[in-house]
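Just so it is clear, the model here is predicted, and its values are computed rather than measured. Whatever order the structure lists ligands and atoms in, that order sets their numbers, starting from 1.
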Amino acid sequence: MIRSYCMTPSSHTGWTRVIVEKPFGKDLDSAEELSAQLGELFDEEQLYRIDHYLGKELVQNLLVLRFANRFFLPLWNRDNIDNVQIVFREDFGTDGRGGYFDQYGIIRDIIQNHLLQVFCLVAMEKPVSLSPEHIRDEKVKVLQSVSCINHDEVVLGQYDGYKDDPTVPNESNTPTFASVVLRVHNERWDGVPFVLKAGKALSSKKAEIRVQFKDAPGDIFRCKKQGRNEFVIRLQPSEAMYMKLTVKKPGLEMATEQSELDLSYGLRYQDVKIPEAYERLILDTIRGDQQHFVRRDELKAAWEIFTPLLHDIDAGRLKALPYQPGTRGPLEADELSKRMGYVPTLGYVWAPPTLAKF
Ligand SMILES: NC(=O)C1=CN([C@@H]2O[C@H](COP(=O)(O)OP(=O)(O)OC[C@H]3O[C@@H](n4cnc5c(N)ncnc54)[C@H](OP(=O)(O)O)[C@@H]3O)[C@@H](O)[C@H]2O)C=CC1
Ligand SMILES: O=C1O[C@H](COP(=O)(O)O)[C@@H](O)[C@H](O)[C@H]1O
């Protein structure tokens, strides 16, 4: 049917491009089967596997930030970075779509696709050029460098009330929250945990990347306990990036405190309308630019990482811990972040700037 109604006959000029939306299968085998079926109908250049996180402004900014700024080039590695957190939180549950969600769970819904794409852009090497193939080659490489997920570095949760949805089975073990540690076995990242965390029905709504740096050696100011340098890229809401850093506390004393270098988009780009992710990606499709779309081998590499874990969850070998809606999720997830080396900042209070103060 697609072939007869949607494709340009070869005798005509024009093009055929098909946007494919997730789910791209449920595991490696089903995804490969789907890819093979699509491959019989379309060439890879005609397929646009969409991941709307790749259309978000600050996700698109990641390559620029990393590779156009001298600041970051020498710092972005295991010598300087202690741990990285890539976090998605939603303050509502599966509201009305529990039946669909229950077959997938939060790892397939958010982590294996959206957060993993963000992870690729944070962790990959510099592409040869901005051509879609060069960028996607680097994403595949970093995905293939991810080690097997260790069950001791996974926390799953399911919020109380999730099973009240009549379309969700009473015995469901489907996680609505997960924190999963990825480790990249390469020269740049060996030993640096990447914590990918996502949850529904939590206390807040946000998506952000938090890069925590190691302590500065030789702590002559005795300020180590206050916290570490962090570079935070908030994808949503209210796009921002800020660097948490130690400064001299203004005043007569030589005391230190945690402050920030802040680029809040709402303040800096007041008259700019940031396009919706889908708006941008549909335009890319019309233009024939596959840079922000998922290639078949990239999808395969993504499923290779998560399929063993997902099969273990589906078989009940890993249990989802209960958590109360409106909280941070299971306490075990914060313990996992701590175990991965995350050090909280003490006493940091953000004072939002106002134009009146300038
Ligand atoms: N330009 C801007 O808009 C800026 C805004 N701010 C705001 O200031 C506030 C503080 O910023 P920041 O310090 O970066 O962020 P947070 O204090 O929100 O979080 C810092 C880290 O601590 C974790 N955490 C938060 N609460 C707890 C808890 N109770 N137990 C264990 N871990 C916890 C977070 O995990 P998790 O990610 O899971 O929540 C995160 O890893 C935030 O609201 C931030 O948005 C700060 C600077 C600039
Ligand atoms: O793909 C999905 O994403 C949304 C969240 O998208 P966002 O752009 O609002 O962050 C999520 O609610 C949904 O469960 C998932 O399928």
* Structure fact -> For Gln236, the atoms of ligand 2 under 4.0 Å from one of its heavy atoms are 7 (P), 10 (O)
* Asked: Near Lys22, which atoms of ligand 2 are under 4.0 Å from a heavy atom of that residue?
  -> 1 (O), 2 (C), 15 (C), 16 (O)
* Selection from Lys56, Glu21, Glu90 by shortest heavy-atom distance to atom 8 (O) of ligand 2 -> Lys56
* **Atom indices of ligand 2, in the order listed, that fall short of 4.0 Å to a heavy atom of His114** => 1 (O), 2 (C), 3 (O)
* To do: For the pair Tyr278 and His52, name the ring-plane relationship: parallel under 30°, tilted 30 to 60°, perpendicular over 60°.
  => parallel
* To do: Would you please write out the protein residues whose heavy atoms approach any atom of ligand 1 to under 4.0 angstrom, listed by chain and number?
  => Val87, Arg89, Lys197, Lys206, Glu208, Arg210, Arg234, Ala240, Tyr242, Lys244, Asp262, Ser264, Arg328, Asp334, Tyr342, Tyr348, Trp350
* Side-chain donor-acceptor pair under 3.5 Å between Gln212 and Asp82, yes or no? -> no
* Would you check if there is a donor-acceptor pair between the side chains of Asp102 and Ser172 at a distance under 3.5 Å? => yes
* Residues forming a side chain to side chain contact (heavy atoms under 4.5 Å, CB included) with Lys319, sequence neighbours excluded -> Asn173
* **Tyr104 six-ring face occupied by Lys26 cation (under 6.0 Å, within 45°)** => yes
* Under the 3.5 angstrom rule, does the side chain of Asp219 hit a backbone N or O of Ala216 as a donor-acceptor pair? -> no
* **Geometric cation-pi criterion, Lys197 with Phe88: 6.0 Å, 45°** => no
* **Side chains of Tyr342 and Glu230, donor plus acceptor under 3.5 Å** => yes
* Mind telling me whether Phe119 and Phe194 have parallel, tilted or perpendicular rings, with 30° and 60° as the class edges? => perpendicular
* **For Val122 against Trp189, the heavy-atom pair lying closest together** => O-CZ2, 3.9 Å
* Among protein heavy atoms, which lies nearest atom 14 (O) of ligand 2, and at what distance? -> Asp109 OD2, 2.6 Å
* To do: Distance to 0.1 Å, residue and atom name: give those for the protein heavy atom nearest to atom 3 (O) of ligand 2.
  => His52 CE1, 3.5 Å
* When you measure from atom 10 (O) of ligand 2 to each heavy atom in Tyr53, Tyr100, Phe88, which option holds the nearest one? -> Tyr53
* Asked: Where does Arg97 meet ligand 2, judged by heavy-atom distances below 4.0 Å: at the side chain, the backbone, both, or neither?
  -> side chain
